[in-house]
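FYI, side chains are in, hydrogens and waters are out, and symmetry mates aren't considered; it's all heavy atoms of this structure.
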Amino acid sequence: MTVVATGTEKSTEEDKARIRELMGPDVEMLDDNDQSVVVGACAEHRADILIAGGRYLYPALKSRIPFLDINHERDFGYAGYSGMVELARQLAATLGSPVWEQVRRPPPWAQARPATLAA
């Protein structure tokens, strides 16, 4: 997995330095966690999935971006080996859902020929 952007709205300068150290110089750091900014970054980087807290669910779905909610209120953790296995399972389930192929297709009425009137 390649991380292309991360939110840093509430991060200190020390936090940001640590993020750069962990993720490298190419990761975009979003100081503004506004929903449109985050969804725009996903579109700009052609991200395959948005992994974030629940407030980004509906903007991601409206933009047809697969979404994985990692809000702190979930019933399981991602720590350790079993946590990484759970994260991988959820990523696979989200990205492999058949809904994404369907919502990215043009609607059937966009491909239909316009009706002609008989004289």
Side-chain angles (χ1 to χ4, degrees):
M1 178 182 342
T2 302
V3 177
V4 295
T6 186
T8 59
E9 185 173 48
K10 297 178 183 177
S11 300
T12 65
E13 289 306 314
E14 293 82 23
D15 294 336
K16 291 177 184 180
R18 180 84 171 127
I19 291 167
R20 280 273 175 244
E21 183 181 315
L22 290 170
M23 296 189 181
D26 296 333
V27 171
E28 182 177 1
M29 297 172 88
L30 304 172
D31 289 328
D32 183 357
N33 287 343
D34 180 81
Q35 294 171 347
S36 63
V37 171
V38 173
V39 169
C42 287
E44 178 184 335
H45 293 285
R46 299 179 53 152
D48 295 317
I49 190 168
L50 173 58
I51 303 172
R55 75 183 193 127
Y56 297 98
L57 171 64
Y58 294 109
L61 296 179
K62 283 183 193 178
S63 301
R64 300 182 196 145
I65 300 169
F67 178 79
L68 180 59
D69 184 356
I70 59 164
N71 207 0
H72 62 278
E73 297 156 349
R74 63 190 181 277
D75 295 329
F76 46 85
Y78 294 128
Y81 180 80
S82 61
M84 289 296 100
V85 171
E86 179 62 23
L87 177 62
R89 187 190 69 73
Q90 290 187 14
L91 284 168
T94 300
L95 291 169
S97 174
V99 71
W100 302 116
E101 180 184 339
Q102 292 175 358
V103 299
R104 289 179 177 153
R105 271 192 233 144
W109 58 86
Q111 297 174 354
R113 292 182 166 198
T116 56
L117 297 174

*Asks:* If you define the side chain from C-beta out and look only at heavy atoms, does anything of Asp31 sit under 4.5 Å from Lys16?
*Replies:*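 Asp31 reaches Lys16 side chain to side chain.
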*Asks:* Just to verify, what does Arg89 make a side-chain contact (heavy atoms from CB on, under 4.5 Å) with, not counting sequence neighbours?
*Replies:*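 Per chain and number, Arg89 pairs via side-chain contact (heavy atoms from CB on, under 4.5 Å) with Glu86.
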*Asks:* Check this for me, if you would: do Glu14 and Arg18 make a salt bridge, where the nitrogen-to-carboxylate-oxygen distance has to be below 4.0 angstrom?
*Replies:*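 Judged by the 4.0 Å cut-off on N to carboxylate O distance, Glu14 and Arg18 do not form a salt bridge.
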*Asks:* Could you note down all residue pairs passing salt bridge (charged side-chain N to carboxylate O under 4.0 Å, His left out) where residues 40-56 supplies at least one of them, sequence neighbours left out?
*Replies:*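 Not a single pair qualifies under salt bridge (charged side-chain N to carboxylate O under 4.0 Å, His left out).
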*Asks:* Does CD in Glu21 sit with more than 12 non-hydrogen atoms of other residues, nucleotides or ligands closer than 6.0 Å?
*Replies:*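 Yes - once you tally the heavy atoms of other residues, nucleotides and ligands closer than 6.0 Å, there are more than 12.
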*Asks:* I want to check something: taking the side chain as every heavy atom from C-beta on, are Leu68 and Leu87 in contact at a cut-off of under 4.5 Å?
*Replies:*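 Contact flag for Leu68/Leu87 side chains = yes.
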*Asks:* Transitively linked via ILVMFWY side-chain contacts under 4.5 Å: Phe67 with Val38?
*Replies:*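 Shared cluster, yes.
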*Asks:* Check whether any side-chain heavy atom of Val37 sits under 4.5 Å from a side-chain heavy atom of Glu9, and report yes or no.
*Replies:*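 Side chain of Val37 against side chain of Glu9, heavy atoms only: no contact under 4.5 Å found.
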*Asks:* Would a 4.5 Å heavy-atom cut-off, applied to side chains only, mark Ser11 and Ile19 as touching?
*Replies:*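 Yes; the side chains approach each other to less than 4.5 Å.
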*Asks:* Is Leu61 linked to Val99 within one hydrophobic cluster, defined over Ile, Leu, Val, Met, Phe, Trp and Tyr using a side-chain heavy-atom separation of less than 4.5 Å?
*Replies:*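 Cluster IDs for Leu61 and Val99 match.
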*Asks:* Under a single-linkage definition using a 4.5 Å side-chain heavy-atom cutoff for Ile, Leu, Val, Met, Phe, Trp and Tyr, are Ile51 and Leu95 assigned to the same hydrophobic cluster?
*Replies:*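 Both belong to a single hydrophobic cluster.
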*Asks:* With a 3.5 Å distance limit and no angle check, can you tell me whether Arg64 reaches the backbone of Arg104 through a side-chain donor-acceptor pair?
*Replies:*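 No: the side chain of Arg64 does not pair with the backbone of Arg104.
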*Asks:* Under a single-linkage definition using a 4.5 Å side-chain heavy-atom cutoff for Ile, Leu, Val, Met, Phe, Trp and Tyr, are Met84 and Leu91 assigned to the same hydrophobic cluster?
*Replies:*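 Yes, one cluster joins them.
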*Asks:* Just checking Tyr78: does its OH atom have more than 12 heavy atoms from other residues, nucleotides or ligands closer to it than 6.0 angstrom?
*Replies:*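 Buried by this count: over 12 neighbours within 6.0 Å.
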*Asks:* Do Leu50 and Leu30 sit in the same hydrophobic cluster, where Ile, Leu, Val, Met, Phe, Trp and Tyr count as joined when their side-chain heavy atoms come under 4.5 Å apart?
*Replies:*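 Linked within one cluster.
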*Asks:* Looking only at heavy atoms, which two atoms of Asp32 and Asp34 are closest? And how far apart?
*Replies:*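 Nearest heavy atoms, Asp32 then Asp34: OD1-N, 3.0 Å.
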*Asks:* For the CD atom of Gln90 and the CD1 atom of Ile49, what is their distance to the nearest 0.5 Å?
*Replies:*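 Reported value, rounded in 0.5 Å steps: 9.5 Å.
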*Asks:* Taking all non-hydrogen atoms of both residues, which atom of Pro25 and which atom of Arg20 are closest, and how far apart?
*Replies:*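 Heavy atoms of Pro25 and Arg20 come nearest at O-NH1, 3.5 Å.
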*Asks:* Roughly how far, to the nearest 0.5 Å, is OG of Ser97 from CD of Gln102?
*Replies:*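 Those atoms lie 8.0 Å apart.
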*Asks:* Mind listing the closest non-hydrogen atom pair of Thr94 and Pro66 along with its distance?
*Replies:*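 Nearest pair, atom of Thr94 first, then Pro66: CG2-CB, 4.0 Å.
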*Asks:* Within the structure provided, determine whether Val27 and Leu22 are in side-chain contact (heavy-atom separation under 4.5 Å).
*Replies:*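 Side chain of Val27 against side chain of Leu22, heavy atoms only: no contact under 4.5 Å found.
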*Asks:* Would you check if Met29 and Met23 make a side-chain contact, meaning some heavy-atom pair closer than 4.5 Å?
*Replies:*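 A side-chain contact is absent here, since even the closest heavy-atom pair is not under 4.5 Å.
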*Asks:* Between Ile65 and Trp100, which heavy-atom pair has the shortest distance, and what is it?
*Replies:*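 Heavy-atom minimum between the residues: O-CH2, 3.7 Å.
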*Asks:* Decide yes or no for Val39 and Lys62: does some side-chain heavy atom of the first lie under 4.5 Å from some side-chain heavy atom of the second?
*Replies:*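 Of all side-chain heavy-atom pairs linking Lys62 with Val39, none is under 4.5 Å.
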